[in-house]
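As the structure is a computational prediction, the values presented were derived from the model and not from experiment. Along the sequence shown, the residues carry numbers beginning at 1.
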Amino acid sequence: MKKIIVFASGSGTNAENIIKYFSEIEIAKVVCVFTNNAEAKVIERAKKYQIPFEIFSKIDLSERNVLQKIQKIDPDLIVLAGFLLKFPENIIEQYPNKIINIHPALLPNYGGKGMYGMHIHRAIVNNKEKETGISIHYVNENYDEGGIIFQANVALTDDDTPETVAEKIHELEQKHFPEIIHRILEDSNSKI
C-alpha cells in the first residue's frame, strides 16, 4: 500500500476528495495531512476519516522540522491541495518528482506568487478569457513552474463571474485530481 501525504492550508475539499477516493481502493492511502493553519477546515476533514494531521508554522517548514516528520512517514507521494506557502527546497531536494500541486488555471498563465484562488478567477474574468482550467504539476523551487503532468480546460462565457469560474474549476479538481494521483502512483514502481 503506497503512502500519500497531503498538504493543505484551507477548507480541504480537495484533500477530503483524495482521502475518500483512496479509502475505496487498495493502491494507496492518505496517511497524514499537514497544514500551516490551526483554524483550517481540513483538520476537521482529516478527523472525519481518522487521518492523522500535523499543524506546523512557517518556521517549522523552512527549517528541518517538517522534513523530519515527512522522512519518518516515508511517503510515496506528497500532494499539495490548496497549500499556499512556497514549498522549501530542503524537501524538494529530498523528494524529486514526488511532490505535486494542483493550480486553478492553465499554466503557465496565471501562475506565480500571489496567484491563487479568487485572485486567479478575478483576473481571468477581468481579462475576458474564453477558457480556463486546472494544471497538475510537479513542484520545484519556483511557484507553479514545475513540469506539467495534466491539464483540463473548461469554456467560459461573458456571463461568468469569479464565483462561477470557481465552481467550474472546483468540478474539474474534484473529477481529475484523485485520478491523476492514482495514475502517477501506478506509473511509479519505485519508492522514494
Side-chain angles (χ1 to χ4, degrees), residues 3-19 30-43 45-46 51-124 132-151 162 166 169-170 172-173 176-177 180-181 184 188 192:
K3 293 185 279 188
I4 302 166
I5 293 175
V6 175
F7 278 75
S9 296
S11 70
T13 55
N14 277 320
E16 182 173 7
N17 191 35
I18 294 162
I19 290 166
V30 175
V31 295
C32 194
V33 170
F34 282 70
T35 185
N36 60 305
N37 178 359
E39 304 297 314
K41 288 185 184 164
V42 73
I43 295 167
R45 295 179 195 276
I51 305 293
F53 59 91
E54 294 280 349
I55 302 169
F56 61 88
S57 69
K58 201 170 181 179
I59 293 166
D60 292 331
L61 185 65
S62 61
E63 293 176 355
R64 298 187 61 81
N65 304 0
V66 173
L67 174 59
Q68 288 168 347
K69 288 179 179 180
I70 292 170
Q71 288 171 323
K72 283 182 186 161
I73 294 170
D74 190 26
D76 295 278
L77 194 65
I78 298 169
V79 176
L80 310 188
F83 184 66
L84 300 181
L85 297 180
K86 190 166 190 283
F87 222 61
E89 288 187 34
N90 65 13
I91 300 175
I92 294 167
E93 286 167 5
Q94 290 287 315
Y95 299 97
N97 293 323
K98 296 289 182 181
I99 307 168
I100 66 168
N101 181 44
I102 191 162
H103 187 75
L106 296 170
L107 293 172
N109 299 326
Y110 301 101
K113 186 172 174 62
M115 291 306 283
Y116 61 90
M118 292 305 285
H119 298 288
I120 294 172
H121 307 322
R122 277 190 211 97
I124 284 168
T132 188
I134 60 168
S135 301
I136 298 170
H137 64 93
Y138 290 109
V139 174
N140 67 12
E141 64 280 358
N142 299 314
Y143 280 112
D144 305 321
E145 290 183 16
I148 292 173
I149 301 162
F150 173 85
Q151 290 184 308
I169 291 297
H170 186 68
L172 290 178
E173 290 172 338
H176 295 292
F177 204 14
I180 297 302
I181 293 167
I184 290 166
S188 70
I192 296 175

**Asked** Atom CD1 in Ile4, atom CD1 in Ile18: separation rounded to 0.5 Å?
**Response** 7.5 Å
**Request:** Please examine the side chains of Ile19 and Val33, heavy atoms only from C-beta on, and report whether any two atoms are closer than 4.5 Å.
**Result:** yes
**Message:** Less than 4.5 Å apart, side chain to side chain, heavy atoms only: is that true for Lys3 and Asp74?
**Reply:** yes
**Asked** Do you know which two heavy atoms are closest between Asn37 and Glu39, and how far apart they sit?
**Response** OD1-N, 2.9 Å
**Complete:** Exactly one of Leu77, Val79, Ile73, Asp76 clears side-chain contact (heavy atoms from CB on, under 4.5 Å) with Ile5, and that residue is Ile73
**Request:** For the residue pair Phe34 and Ile70, establish whether any side-chain heavy-atom pair is separated by less than 4.5 Å.
**Result:** yes
**Message:** Among residues at least two apart in sequence or on other chains, which ones pass side chain to side chain contact (heavy atoms under 4.5 Å, CB included) with Ser57?
**Reply:** Ile59, Asp60
**Asked** Does any non-hydrogen side-chain atom of Ile99 lie less than 4.5 Å from one of Tyr138?
**Response** no
**Message:** Any side-chain to backbone donor/acceptor pair from Asn101 onto Val139? Under 3.5 Å, distance only.
**Reply:** no
**Prompt:** Is there a donor-acceptor pair under 3.5 Å between the side chain of Arg45 and the backbone N or O of Ser11?
**Reply:** yes
**Request:** Could you tell me which non-hydrogen atom of Leu61 sits nearest to which non-hydrogen atom of Lys86, and how far apart they are?
**Result:** CD2-O, 3.9 Å
**Fill in**
For Tyr116, the ring-ring contact (aromatic ring centres under 6.0 Å, His included) test, sequence neighbours excluded, returns His119
**Heavy-atom check, side chain of Ile136 versus side chain of Ile148, under 4.5 Å** = no
**Asked** At what distance, to the nearest 0.5 angstrom, does CG of Leu107 lie from CG of Asp144?
**Response** 5.0 Å
**Asked** Atom CG in Leu84, atom NZ in Lys113: separation rounded to 0.5 Å?
**Response** 10.5 Å
**Fill in**
Looking only at heavy atoms, the pair that brings Pro162 and Arg122 closest together is CG-CG, 3.7 Å
**Message:** Rounded to the nearest 0.5 Å, what separates atom CD in Glu141 from atom CD1 in Ile92?
**Reply:** 6.5 Å
**Message:** Below 30° counts as parallel, above 60° as perpendicular, anything between as tilted: where do the rings of Phe83 and Phe56 land?
**Reply:** tilted
**Asked** Taking all non-hydrogen atoms of both residues, which atom of Leu80 and which atom of Phe177 are closest, and how far apart?
**Response** O-CZ, 3.8 Å
**Asked** Any side-chain donor paired with an acceptor under 3.5 Å for Ser9 and Asn36?
**Response** yes
**Prompt:** Can you name the nearest heavy-atom pair linking Val42 to Ala15, along with the distance?
**Reply:** CG2-CB, 3.7 Å
**Prompt:** Parallel under 30°, tilted from 30 to 60°, perpendicular over 60°: which one fits the rings of His176 and Phe150?
**Reply:** tilted
**Asked** Would you call Leu85 and Phe7 a side-chain contact if the rule is heavy atoms closer than 4.5 Å?
**Response** no
**Message:** Going by the rule side chain to side chain contact (heavy atoms under 4.5 Å, CB included), which residues pair with Gln71 if we only count those two or more places apart in sequence or in a different chain?
**Reply:** Leu67, Gln68, Gln94, Tyr95
**Request:** Compare every heavy atom of His121 with every heavy atom of Ala166, then report the nearest pair and how far apart it is.
**Result:** CB-CD2, 3.6 Å
**Request:** Could you check Val31 against Ile51 for side-chain contact (heavy atoms from CB on, under 4.5 Å), going step by step and ending with a plain yes or no?
**Result:** CA-CA 6 Å; Val31 295; Ile51 305 293; over 6 Å; no
**Message:** Hydrogens and angles aside, do Glu173 and Asn14 bring a side-chain donor and acceptor to less than 3.5 Å of each other?
**Reply:** yes
**Asked** To the nearest 0.5 Å, what is the distance between CD1 (Ile169) and CE (Met118)?
**Response** 11.0 Å
**Item:** Spacing of Ile102 atom CD1 and Ile180 atom CD1 [to the nearest 0.5 Å]
**Value:** 9.0 Å
**Message:** Quick one: does any side-chain atom of Ser135 pair with a main-chain N or O of Ala105 as donor and acceptor, under 3.5 Å?
**Reply:** yes
**Message:** Closer than 3.5 angstrom, by distance alone: can the side chain of Glu54 be matched with the main-chain N or O of Thr35 as a donor-acceptor pair?
**Reply:** no
